[in-house]
Enquirer: 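Okay, here's the structure, questions in a sec.
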Amino acid sequence: ITGRKEIDDDLYEDLEEALVTADIGVQTAYKLLENTRETVERKDLKDPAALRDVLKGQILEIVKTEAIPMDAGSAKPFVIMVVGVNGVGKTTTIGKIAAKYGQEGKKVVIAAGDTFRAAAIEQLEVWANRAGAEIVKQDAGADPSAVAYDAVQAGVSRGADVVIVDTAGRLHTKANLMEELKKIKRVMSKIVPDAPHETVLVLDATTGQNAINQAKVFNDAIELTGLILTKLDGTSKGGCIVGICDELQVPIRMIGIGEKVDDLRPFNAVEFVDAMFG
Amino acid sequence: SLSERLNGVIKDLKGHGKLSEKNIQDALKEVRMSLLEADVNFRVVKDFLKQVQDRALGAEVMKSLTPGQQFVKIVHEELTELMGGKGQELNLVGKAPVPIMFVGLQGSGKTTSVGKTAVILKKKGRRPFLVPADVYRPAAIDQLKTLAKALHMPVFESAVGMDPVNICKLAREEAERQGCDTMIIDTAGRLSIDEAMMDELVKIKAEMKPSEILFVADAMTGQEAVNVAATFNERVDITGVVLTKMDSDARGGAALSIKAVLGKPIKLVGVGEKMDAMETFHPDRMAGRILD
Ligand SMILES: Nc1nc2c(ncn2[C@@H]2O[C@H](COP(=O)(O)OP(=O)(O)OP(=O)(O)O)[C@@H](O)[C@H]2O)c(=O)[nH]1
Ligand SMILES: Nc1nc2c(ncn2[C@@H]2O[C@H](COP(=O)(O)OP(=O)(O)OP(=O)(O)O)[C@@H](O)[C@H]2O)c(=O)[nH]1
Ligand SMILES: [Mg+2]
Ligand SMILES: [Mg+2]
């Protein structure tokens, strides 16, 4: 794109390729380029760099309004429920968040709500130890709602500042598993009426257009209040989040940029868009 | 679905009789949209459309009484051909224990697929030995041991802090001792751009000389799928692909991209979290799903 000397159809094709290969999706890319073309014609722009700035500005508009961090101070215990499809990074992200709050002097309780997958509880235990957080768990195969209930209960009675509930990965296409999430949510509200205060969907930056289906279905089932985009340290640009922001307007709370405990950052819209065109 | 979209574009021809080149271009645009929405790689789509265009501008469509149907048929045929022949068998040739290695990005489904593959091999009368070579992810070794226990299969007693290459060496000796004819190596998820971790794979391969190096790809992966797979392929020359989470509604365009560019066969398909949820690959079904 930087090599082009004038604004022509080739430039628009290059820009479309850049957007689509960033996983922005062909429909969203089309819409963005149409709006860009309108602005370029209206302002009679001649420089390709100016056009690129208009396009970047458009994407920035969509995602920056959603760059809103979580406010864990707004309730005590502040209850966070973490959901998402299989393997996106829920458990790892919970470890990172718990460590971050621990460093801020907050007392964190973690619920081992994945009672299904092999060694899920053991995995979360390692993270709880790393983060200096307490873990509430039951045997593998236990009812996840029961674990969530116990954890929120423990959070209240032990004066925790934050309770984070891990859930098993699940495909949004499995209705019974989506029902299970609704139940977990309902059960928690029995102890703390506003719990969970945050329902965050974890998305893998390597995901393509299926991310939009995931967000919509999870949102319809349990009303999301936040998104976390993981694995941005890889080669994928995470463009799937743009269409989601545009359609659902759910805040992007944080990003995961690695497998270590401090590989967590607040979502920075400018950096995100720059990286996409980098 | 693509057929519905194409009906919108090609049905207009009924009144006008002969098909024009413009009609074909419009139809190709619909195919392009459909493939990109299915996460097929941008460049792969470009190349694929050229192939379709050549056939679409030929007599079989232009002179057909049902050009729309002919067009869809061609697209489906070309896609099926590109997806490759029906699922190839695992290569189990070699001195026992024959090593099979699973590699891929973080969270793609390797450990789960190792367990499922062990079940398939056992059903074929083989005696697999499971090797947990992921010493990084918390409880990764526990995860494979838990699966092995549930499947009543022998597994190497790896420990965090051991070197993965050494684990594989020792596991081979143990597998021989236990009379196992196959050993399935679970490696840690890693980024294709992580030089040190990619070097580790090269070292494991050099030591073990696996008969199969299977790249595990998540069916919902987007545009980077082929680039990532290509890097893994450059470093260790993968022998096949395992596509996981195909029980989702992901269209799976990543599969087409990887197959089209690398030419490596898709050997197995994961369709669920349980140990019996693994199938052989059907190229025509995959083509239908991508075009849906
Ligand atoms: N490179 C990278 N890897 C990550 C990131 N977040 C998580 N991972 C890795 O992704 C893999 C899956 O992480 P998990 O935390 O187990 O994911 P999960 O969503 O809890 O998985 P399930 O519970 O099985 O659905 C692990 O290997 C993590 O180390 C990230 O930001 N960057
Ligand atoms: N629905 C579904 N889930 C799957 C499938 N294969 C794996 N999973 C799930 O995906 C998640 C990740 O699987 P793992 O086997 O831990 O993935 P991995 O590649 O070993 O992960 P790392 O070792 O962290 O890189 C788990 O929740 C699995 O149960 C599949 O075919 N369908
Ligand atoms: Mg988990
Ligand atoms: Mg694993």
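In the text below, chain A, chain B and the rest are named by the order of the sequence lines, each starting its count at 1.
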Enquirer: Please look at B/D194 and chain A and tell me whether the side chain, the backbone, both or neither of the residue comes under 4.5 angstrom of a heavy atom of that chain.
Expert: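 Neither part; nothing is under 4.5 Å.
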Enquirer: With the side chain counted from C-beta on, respond yes when A/K237 and A/F272 share a heavy-atom pair under 4.5 Å apart, and no when they do not.
Expert: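 When only atoms from C-beta onward are counted, A/F272 and A/K237 do not touch, as no gap falls below 4.5 Å.
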Enquirer: Heavy atoms only, distances under 4.5 angstrom: which of B/A139, B/A250, B/P138 has the most pairs with chain A? Name it, please.
Expert: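 So the answer, after comparing B/A139, B/A250, B/P138, is B/P138.
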Enquirer: Hey, what's the ring geometry for B/F156 with B/F129, parallel, tilted or perpendicular (30° and 60° as the breaks)?
Expert: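 Perpendicular.
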Enquirer: Taking side chain as everything from C-beta outward and backbone as N, CA, C, O, which of these in B/L105 sits under 4.5 Å from a heavy atom of chain A? Side chain, backbone, both or neither.
Expert: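 Just its side chain gets close to chain A.
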Enquirer: Out of A/V85, A/V126, A/T21, return the one with the most heavy atom pairs under 4.5 angstrom to chain B.
Expert: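 So the answer, after comparing A/V85, A/V126, A/T21, is A/T21.
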Enquirer: Return the option, out of A/V88, A/L124, A/D233, A/N86, with the maximum number of heavy-atom pairs under 4.5 Å with chain B.
Expert: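 The option with the most such pairs is A/N86.
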Enquirer: Answer yes if the side chains of A/T173 and B/D249 hold a donor-acceptor pair under 3.5 Å, and no otherwise.
Expert: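 No donor-acceptor contact under 3.5 Å links the two side chains.
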Enquirer: Evaluate whether atom NZ of B/K122 has more than 12 neighbouring non-hydrogen atoms of other residues, nucleotides or ligands under 6.0 angstrom away.
Expert: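 Atom NZ in B/K122 is crowded, with more than 12 foreign heavy atoms closer than 6.0 Å.
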Enquirer: Looking only at heavy atoms and a cut-off of under 4.5 Å, which of A/Q209, A/E17, A/E122 has the most pairs with chain B?
Expert: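 The residue among A/Q209, A/E17, A/E122 with the greatest pair count is A/E17.
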Enquirer: Using non-hydrogen atoms and a 4.5 Å limit, figure out which bit of B/E273 sits close to chain A: side chain, backbone, both or neither.
Expert: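 Just the side chain, heavy atoms under 4.5 Å.
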Enquirer: Measure distances from A/Y30 to the heavy atoms of chain B and classify the residue's part below 4.5 Å as side chain, backbone, both or neither.
Expert: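 Neither part, no heavy atoms under 4.5 Å.
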Enquirer: Less than 3.5 Å apart, any donor N or O on the side chain of A/R117 or B/T112 sitting next to an acceptor on the other?
Expert: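 Distance-only check fails for A/R117 and B/T112.
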Enquirer: Is B/K145 in contact with chain A via its backbone, its side chain, both, or neither, using a 4.5 Å heavy-atom distance?
Expert: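 For B/K145, no heavy atom lies under 4.5 Å from chain A.
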Enquirer: Donor-acceptor pair, distance only, cut-off 3.5 Å: does the side chain of A/D246 make one with the backbone of A/V242?
Expert: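 Not at all, since once roles are kept as given, no pair shorter than 3.5 Å links the two residues.
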Enquirer: Does the side chain of B/Q143 come under 3.5 Å of the side chain of A/Q123 through a donor N or O and an acceptor N or O?
Expert: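 Checked: B/Q143/A/Q123 side chains show no N/O donor-acceptor pair below 3.5 Å.
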Enquirer: Non-hydrogen atoms of chain B under 4.5 Å away: do they reach the side chain of A/E125, the backbone, both or neither?
Expert: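 It is neither, since no heavy atom gets under 4.5 Å.
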Enquirer: What part of B/R251 is in contact with chain A, defined as an atom under 4.5 angstrom from a non-hydrogen atom: side chain, backbone, both or neither?
Expert: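 Neither part, no heavy atoms under 4.5 Å.
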Enquirer: Let me confirm one number: the CD1-SG distance from A/I252 to A/C245, rounded to the nearest 0.5 Å.
Expert: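 Between atom CD1 of A/I252 and atom SG of A/C245 there are 3.5 Å.
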